[in-house]
Every structure is written in C-alpha cells, then in structure tokens.
Amino acid sequence: MALNKTFSKDKKKCSVTFIVSAEAAKGAKKINVAGDFNSWSSTDTPLQQELDGSFTVTLDLEAGKEYQFRYILDGIKWENDWNADKYIPAPFSNADNSVVVCICDKK
C-alpha cells in the first residue's frame with residue numbers, strides 16, 4: 001500500500017493517489033476507499049484494478065488538511081494503509097484509521 005502526493009502550483013490542492021498492491025489486496029475483486037473526503041461512503045470511491053493486480057484511485061483534496069481513511073475490500077473487510085502518514089484511533093471502533101497529511105512546505 002502507498003500514498004503518492006503532488007501539490008498544485010498554488011499549493012491549494014493536493015492530488016493523492018491511493019495504491020493497494022496486489023499483495024495487500026489479498027485476492028479482492030473490488031476495493032473502495034472511505035474517509036473524511038467522501039463522508040465515509042463505502043461505495044462512492046472505488047479503486048481501479050491495474051494489470052499488475054494492484055488497485056489505484058487519485059483524488060484531488062484541499063491542501064492544508066489531514067484526512068482519515070480506510071480501504072474496504074470486497075465490501076466487507078476494512079484495512080488500513082500500511083504506509084499511511086500516521087494513524088489515529090477511530091472514534092466508533094476498537095481500531096485505528098489511516099491518515100494522509102496534505103500539508104505542503106510553502107517554500
């Protein structure tokens with residue numbers, strides 16, 4: 001799993017590519033990402049399966065914020081990103097949420 005981030009020239013938008021490797025997908029047929037950016041919808045943000053078996057989706061997020069998220073494999077298994085920027089305890093379960101930090105050094 002991985003997160004790739006790029007910032008717009010004006011540093012107001014952060015383009016984040018969420019990547020779930022074929023190994024991390026564990027044979028899943030579909031993967032979605034749910035988080036602060038989509039009101040924790042388990043269906044609104046599907047990842048596209050690539051030829052190598054990995055799954056990806058790119059979202060344009062507002063820079064200067066942190067976003068909690070998790071992946072949903074085949075609609076039932078919730079997983080964190082192994083390479084998230086950090087983890088925060090989830091408010092409604094005995095688990096952590098992954099966090100992507102969209103804060104850019106404005107140099």
Side-chain angles (χ1 to χ4, degrees):
M1 294 186 192
L3 300 169
N4 291 332
K5 297 180 273 187
T6 57
F7 291 87
S8 61
K9 288 183 181 182
D10 64 6
K11 311 289 189 221
K12 292 183 179 182
K13 293 289 179 187
C14 179
S15 182
V16 180
T17 301
F18 296 85
I19 304 165
V20 177
S21 68
E23 175 190 8
K26 302 175 184 175
K29 300 296 181 206
K30 65 177 183 169
I31 298 178
N32 288 275
V33 62
D36 295 331
F37 43 78
N38 67 4
S39 299
W40 288 93
S41 170
S42 62
T43 58
D44 283 355
T45 312
L47 282 71
Q48 177 70 37
Q49 188 168 19
E50 305 297 334
L51 294 176
D52 66 0
S54 66
F55 289 78
T56 65
V57 68
T58 300
L59 301 177
D60 290 326
L61 303 175
E62 184 179 343
K65 295 184 176 184
E66 297 182 356
Y67 299 89
Q68 294 183 41
F69 71 96
R70 294 189 82 190
Y71 299 109
I72 306 105
L73 284 64
D74 290 329
I76 55 171
K77 185 169 173 64
W78 290 75
E79 289 283 339
N80 278 321
D81 192 301
W82 300 346
N83 295 307
D85 294 330
K86 63 183 183 178
Y87 303 92
I88 294 177
F92 301 110
S93 68
N94 190 18
D96 289 338
N97 287 334
S98 301
V99 176
V100 60
V101 178
C102 292
I103 298 174
C104 179
D105 183 3
K106 296 199 177 205
K107 291 181 181 177

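A quick note: this is a predicted structure, and the numbers were derived from the prediction, not measured. Side chains are part of it too, since the values below use all heavy atoms of this structure and drop only hydrogens, waters and symmetry mates.
- To the nearest 0.5 Å, the span separating CG on D44 from CG on N38 amounts to 6.0 Å.
- Nearest heavy-atom pair, D10 versus S8, reported as atom, atom and distance to 0.1 Å: OD1-OG, 2.6 Å.
- Closest non-hydrogen pair, Y71 versus A2, comes out as OH-O, 4.1 Å.
- Looking at Y67 and V16, their side chains never come closer than 4.5 Å, going by heavy atoms from C-beta outward.
- By the criterion of side-chain heavy atoms lying less than 4.5 angstrom apart, applied directly or through intervening Ile, Leu, Val, Met, Phe, Trp or Tyr residues, F7 is not grouped with V101; the two fall into different hydrophobic clusters.
- N97 and P91 make their closest contact through ND2-CD, 4.2 Å (heavy atoms, listed as atom of the first residue, atom of the second, distance).
- When atom types are taken as modelled, the side chain of N32 and the backbone of I72 share no donor-acceptor pair closer than 3.5 angstrom.
- The aromatic rings of F69 and F18 lie perpendicular to each other, with more than 60° between the two planes, well past the 30° mark.
- From D96, atom CG reaches atom CD of Q68 across 9.5 Å, with rounding to the nearest 0.5 Å.
- For the pair Y87 (side chain) and A95 (backbone), a donor-acceptor distance under 3.5 Å is absent.
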Intermediate values then yes/no, side-chain contact (heavy atoms from CB on, under 4.5 Å), F37 and E62: CA-CA 9 Å; F37 43 78; E62 184 179 343; over 6 Å; no
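- Hydrophobic clustering (ILVMFWY, side-chain heavy atoms < 4.5 Å, transitive): W82 and V33 are in one cluster.
- A distance-only check finds a donor-acceptor pair linking the side chain of S98 to the backbone of D81 [under 3.5 Å].
- Among L59, L3, N4, the single residue meeting the side-chain contact (heavy atoms from CB on, under 4.5 Å) criterion with T17 is N4.
- No option in D36, V99, L61, D85 other than V99 meets the side-chain contact (heavy atoms from CB on, under 4.5 Å) test with E66.
- If you run side-chain hydrogen bond (donor to acceptor under 3.5 Å, both in side chains) between T56 and each of Q48, Q49, E50, only E50 comes through.
- Not a single donor-acceptor pair under 3.5 Å links the side chain of D60 to the backbone N or O of K13.
- In this structure, S41 contributes its side chain and T43 its backbone to a donor-acceptor pair below 3.5 Å.
- Here K30 contributes atom NZ and L73 contributes atom CG; the two are 11.0 Å apart, rounded to the nearest 0.5 Å.
- For D52 (side chain) and S54 (main-chain N/O), a donor-acceptor pair under 3.5 Å exists by modelled atom type.
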Verdict with reasoning, T6 to S15, per side-chain contact (heavy atoms from CB on, under 4.5 Å): CA-CA 5 Å; T6 57; S15 182; 3.5 Å; yes
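- Residues I19 and M1 do not share a hydrophobic cluster, defined by chaining ILVMFWY side chains whose heavy atoms lie under 4.5 Å apart.
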